[in-house]
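Before any comments, here is the structure.
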Amino acid sequence: MKVSLKVLMALLFSAVLGSVAFAQVGVVLPTKDEPRWIQDQTRFEAAFKAAGINAQVLFSQGNTATEKTNVESLISQGIKVLVICPQDGAGAAAAAEEAHKAGIKVISYDRLIMGTDAVDYYVTFDSSAVGAAWGQFLVEKAGKTKKNNLYLYAGAASDNNAFIFFNGAWSVLQPKIADGTFRIVNSSEAVKLQKKATLTRAETAMIIGQVTENWDFAVAKNKAEANLTSAKKADKGTVFIVAPNDGGARAIGDAFAADKDVKKYYITGQDAEKASIQYIIDGKQSMTVFKDVRTLCADAIAAASAFAKGQVPAAVAVPAVLNDNGKIKVPCKPSAIVTVTKENVKAAIIDSGYYSASDFTGL
Ligand code: BGC
């Protein structure tokens with residue numbers, strides 16, 4: 001009697017614990033090493049709490065094997081919906097397929113999972129517009145001047161977004177390279193292709209192969225320093241730099257700022273990371289592209305809730321470049337982006353409630 005009561009108590013206890021520990025929705029993010037994804041974690045946890053949804057957020061730390069282990073652990077917890085931002089687009093296909101086999105709906109988050117039909121939905125930003133915003137900004141700064149030095153950098157080739165961003169920028173910059181506004185300094189592959197208004201994926205891959213910073217601050221810094229070492233004095237002076245995100249912008253910008261022959265630089269970015277907002281206020285980064293993570297989390301949670309109820313979340317028609325993963329066109333919901341410069345930083349970032357003014361100095 002005594003023993004069975006003990007067993008009963010243990011069972012009851014684990015049932016209670018289980019309801020607390022077991023997640024209905026699992027989120028897998030690529031790495032804790034970039035503020036961008038910590039931002040997503042924070043916003044997700046707040047949104048899940050507000051919605052009363054039991055969820056768990058795990059990180060892959062830039063490793064496809066860890067990503068798969070995370071997915072398997074979530075499957076064994078009985079999740080109904082998996083939200084995953086692949087650390088490597090093609091590498092995540094196997095994990096997505098495993099989740100699908102277990103009857104779990106798979107939502108690709110920010111980055112697209114490539115080469116599989118085991119993706120049910122894609123929430124993201126308009127990544128073509130991100131690249132176009134970089135190009136637009138640099139073109140405006142160049143104005144009517146000619147022969148401006150242009151340095152190109154791109155994100156990781158394992159991330160489909162890196163291609164979309166780059167091609168978005170190319171669509172605006174290429175005509176301005178063709179008319180002599182810009183001259184490409186640091187990529188012989190881009191120079192070879194500079195007469196082409198649109199690039200194939202293979203052509204973009206050739207350029208990215210040369211100018212990638214692999215979404216890594218250290219690689220970005222080394223690459224910028226190497227480019228500056230081989231550049232001539234005439235390649236410096238005033239320069240225009242396509243940096244693919246805020247971490248890269250700070251690393252590349254610092255390298256250019258340290259070169260005595262660089263008199264002025266215009267540099268792009270994205271993510272509105274706190275450190276970059278401070279750089280913008282201080283005049284060390286020219287712009288960032290604000291992608292409001294609150295919207296992305298809300299979209300992911302709305303889609304997850306719809307799937308959990310057996311419904312199909314609403315998708316919009318998008319150009320194939322955004323949602324074609326090589327196997328299927330994934331039903332997609334992209335969100336708008338906002339260009340942020342010193343002029344509108346307060347309105348866009350502080351007044352919108354994204355960060356508080358006390359996080360910054362000199363606002
Ligand atoms: C995201 C960016 C991020 C980059 C590096 C991209 O896929 O869209 O916001 O800066 O990955 O993590």
Side-chain angles (χ1 to χ4, degrees), residues 27-44 59-64 67 83-92 107-114 119 122-134 153-169 204 208 211-220 223 242-253 267-277 279 285 287-297 299-300 321-323 325 330 332-340 354:
V27 179
V28 180
L29 296 175
T31 178
K32 277 188 179 174
D33 295 342
E34 292 174 57
R36 156 76 217 258
W37 305 113
I38 301 285
Q39 178 76 221
D40 292 70
Q41 177 194 28
T42 311
R43 303 292 186 181
F44 256 127
F59 284 90
S60 310
Q61 289 312 99
N63 185 314
T64 295
E67 184 174 73
V83 177
I84 175 167
C85 179
Q87 76 84 27
D88 174 311
I107 300 174
S108 211
Y109 181 82
D110 193 287
R111 300 176 179 170
L112 191 53
I113 302 170
M114 304 300 282
V119 197
Y122 182 30
V123 289
T124 191
F125 293 97
D126 184 344
S127 299
S128 292
V130 172
W134 300 336
Y153 296 95
S158 58
D159 176 4
N160 187 53
N161 282 349
F163 287 77
I164 311 177
F165 299 143
F166 189 87
N167 286 335
T204 311
I208 292 182
V211 302
T212 183
E213 44 87 295
N214 216 23
W215 296 138
D216 182 322
F217 319 150
V219 176
K223 195 154 269 193
V242 172
N245 74 355
D246 282 352
R250 296 193 301 277
I252 295 164
I267 188 163
T268 64
Q270 69 167 311
D271 294 335
E273 287 183 359
K274 272 188 190 164
S276 279
I277 295 301
Y279 261 48
Q285 185 176 325
M287 63 90 85
T288 187
V289 176
F290 175 36
K291 308 199 299 188
D292 193 329
V293 166
R294 295 171 300 189
T295 310
L296 203 59
C297 288
D299 286 349
V321 67
L322 280 190
N323 71 337
N325 79 348
V330 183
C332 173
K333 183 170 187 297
S335 288
I337 52 101
V338 177
T339 296
V340 175
Y354 202 64

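Residue numbers count from 1 along this sequence. In listed order, ligands and their atoms are each counted from 1. Everything numeric in this text was worked out from a predicted model, so none of it was measured.
In this structure the side chain of Arg36 reaches within 4.5 angstrom of the side chain of Val293, judged on heavy atoms.
Partners of Tyr279 under the ring pair (Phe, Tyr, Trp, His ring centres under 6.0 Å) rule, at least two apart in sequence or in another chain, do not exist in this structure.
Thr204 and Asn167 are linked by a side-chain donor-acceptor pair at a separation below 3.5 angstrom, with hydrogens and angles left out of the test. A donor atom on one side chain and an acceptor atom on the other are found under 3.5 Å apart for Ser276 and Gln285. Between the side chains of Asp40 and Tyr109, a donor-acceptor pair is found at a separation under 3.5 Å.
Side-chain N or O atoms of Thr31 include none that pairs as donor or acceptor with a backbone N or O of Gln61 at under 3.5 Å.
Protein residues lining ligand 1, listed by chain and number: Glu34, Arg36, Trp37, Asp110, Arg111, Asp159, Asn161, Phe165, Trp215, Asn245, Gln270, Asp271, Lys291 [non-hydrogen atoms, distance under 4.0 Å].
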